[in-house]
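Let me begin by presenting the structure, written as structure tokens, before commenting on it.
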Amino acid sequence: MKIFKDKHTLQKEILKTEGISFVPTMGGLHKGHISLIKQSKKTKLKTLVSIFVNPKQFNKKSDFKSYPRNTKKDIKLLKKLMVDYLYIPTFKDIYGFKPKSKVFLDKSSKKLCGKFRKGHFEGVLNVVNRFIEIIKPRYIFLGKKDYQQLYLIKKHIEKRKIRSKIVECKTIRENNGIACSSRNLNLSKSQMIIASNIFHYLRSLKKKIKKNYSLFNINKIKKELIKLGANKIDYLENYNTKNFKKVKKPYKEYNLFFAYYIKKVRLIDNI
Ligand code: AMP
């Protein structure tokens, strides 16, 4: 595996290839990332993984600081997975140039996570736009766990007529049901159990509301989550996954999107 810290040497290398399958990450690698990488490797193009904890997408400094980082362990894992290229850029490498393409931010960026994390999606699209210009990937592998992010990146790519193709990858879960996430590393064992209980409660709720939508009583559900051990709930809403609009009637295809805190750890998922 070749490791790059600067975009010019990376770009020289990319010129020698027939195209790149790109897996962007913030490190703290887990089974979710591994599944993206395995799918990327199936393309037969060179797989490039990036690790960059993007400060611009964190609305709180403390959250940026406490974000799990373990580059040594990540490198070991990526080598084992026979990844071709790893790009670990510095802040300057990413932000020290003016991108040709302007970020397109769909209006749905103001909903859900966008409402509770001011500037978050502006930061995400900014960094993704820059990575795309540096790498010009043929494919970009993204997880449905961060569905709103995936939706907004797709809209940007469509609007700016970028030739990269997004490959949507299913959410990988721990045995206890919760979505794999780097942030889980900041949970204690007992907090993991709380997260798992909340997941199982919401999954069975979703099954019930499919049959009887009047059971979707947000205040009641939020109270139940607090009882189960959540400390704060940012949102709990049903959204149509095709057009990313809030679902008001039960017959539409939708996912239940939620974000909540266990102490200081913020968890998001959709089921
Ligand atoms: P992150 O390192 O959290 O920025 O995530 C990098 C990529 O991995 C994003 O496309 C995420 O959506 C994806 N990802 C994170 N967790 C999971 C998961 N549990 N299952 C599938 N994909 C995931």
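Order of appearance sets the numbers: ligands from 1, and atoms from 1 within every ligand.
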Identify, for [atom], the protein heavy atom at the shortest distance, and state residue, atom and that distance.
atom                    : result
atom 10 (O) of ligand 1 : Gly143 N, 3.0 Å
atom 12 (O) of ligand 1 : Asp146 OD2, 2.6 Å
atom 6 (C) of ligand 1  : Pro24 O, 3.2 Å

Contacting atoms of ligand 1, where contact means under 4.0 angstrom from a heavy atom of [X]:
X      : answer
Leu142 : 10 (O)
Tyr67  : 3 (O)
Thr171 : 20 (N), 21 (C)
Thr25  : 2 (O), 6 (C)
Leu36  : 7 (C), 8 (O), 10 (O), 13 (C), 22 (N)

Min side-chain heavy-atom separation Leu267-Ile198 under 4.5 Å: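 Result no, sub-4.5 Å side-chain heavy-atom pair not found.
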So do the side chains of Glu122 and Val103 get within less than 4.5 Å of each other, counting heavy atoms only?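 With C-beta onward as the side chain, the pair stays apart.
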Out of [options], whose heavy atom is nearest to [atom]?
atom                    : options                        : value
atom 16 (N) of ligand 1 : Met26, Gln57, His30            : His30
atom 21 (C) of ligand 1 : Lys170, Glu174, Arg173, Gln149 : Lys170
atom 5 (O) of ligand 1  : Arg183, Glu168, His33          : His33
atom 20 (N) of ligand 1 : Leu29, Val167, Ile172, Ile51   : Ile172
atom 19 (N) of ligand 1 : Gly32, Ser182, Cys180          : Cys180

Could you check whether the rings of Tyr147 and Phe244 sit parallel, tilted or perpendicular, using 30° and 60° as the cut-offs?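 Rings of Tyr147 and Phe244: parallel, under 30°.
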Between [X] and [Y], ring centroids under 6.0 Å:
X      : Y      : answer
Tyr67  : Phe58  : yes
Tyr139 : Phe22  : no
Tyr239 : Tyr254 : no

Please confirm whether the backbone N or O of Pro137 pairs with a side-chain atom of Ser164, one donor and one acceptor, at under 3.5 Å?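 Pair found, side chain donor or acceptor close to backbone of Pro137.
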May I ask whether Gly28 places a heavy atom under 4.0 Å from ligand 1?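 Not so, Gly28 does not reach ligand 1.
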Does at least one non-hydrogen atom of Tyr147 fall below 4.0 angstrom from an atom of ligand 1?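 Contact absent.
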If the threshold is 4.0 Å, N to carboxylate O, is there a salt bridge linking Asp74 and Arg69?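 Answer for the salt bridge query: no.
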Could you tell me whether Lys144 approaches ligand 1 through its side chain, its backbone, both or neither, with non-hydrogen atoms closer than 4.0 Å?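 For Lys144, no heavy atom sits under 4.0 Å from ligand 1.
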Within this structure, what is the NZ-NE2 distance for the pair Lys38 and His33, rounded to the nearest 0.5 Å?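 Between Lys38 NZ and His33 NE2, I get 14.5 Å after rounding to 0.5 Å.
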Consider side chain to side chain donor-acceptor pair (under 3.5 Å). Of Lys100, Arg160, His156, Lys102, which one does Asn129 pass it with?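 With Asn129 as partner, side chain to side chain donor-acceptor pair (under 3.5 Å) holds for just one option, His156.
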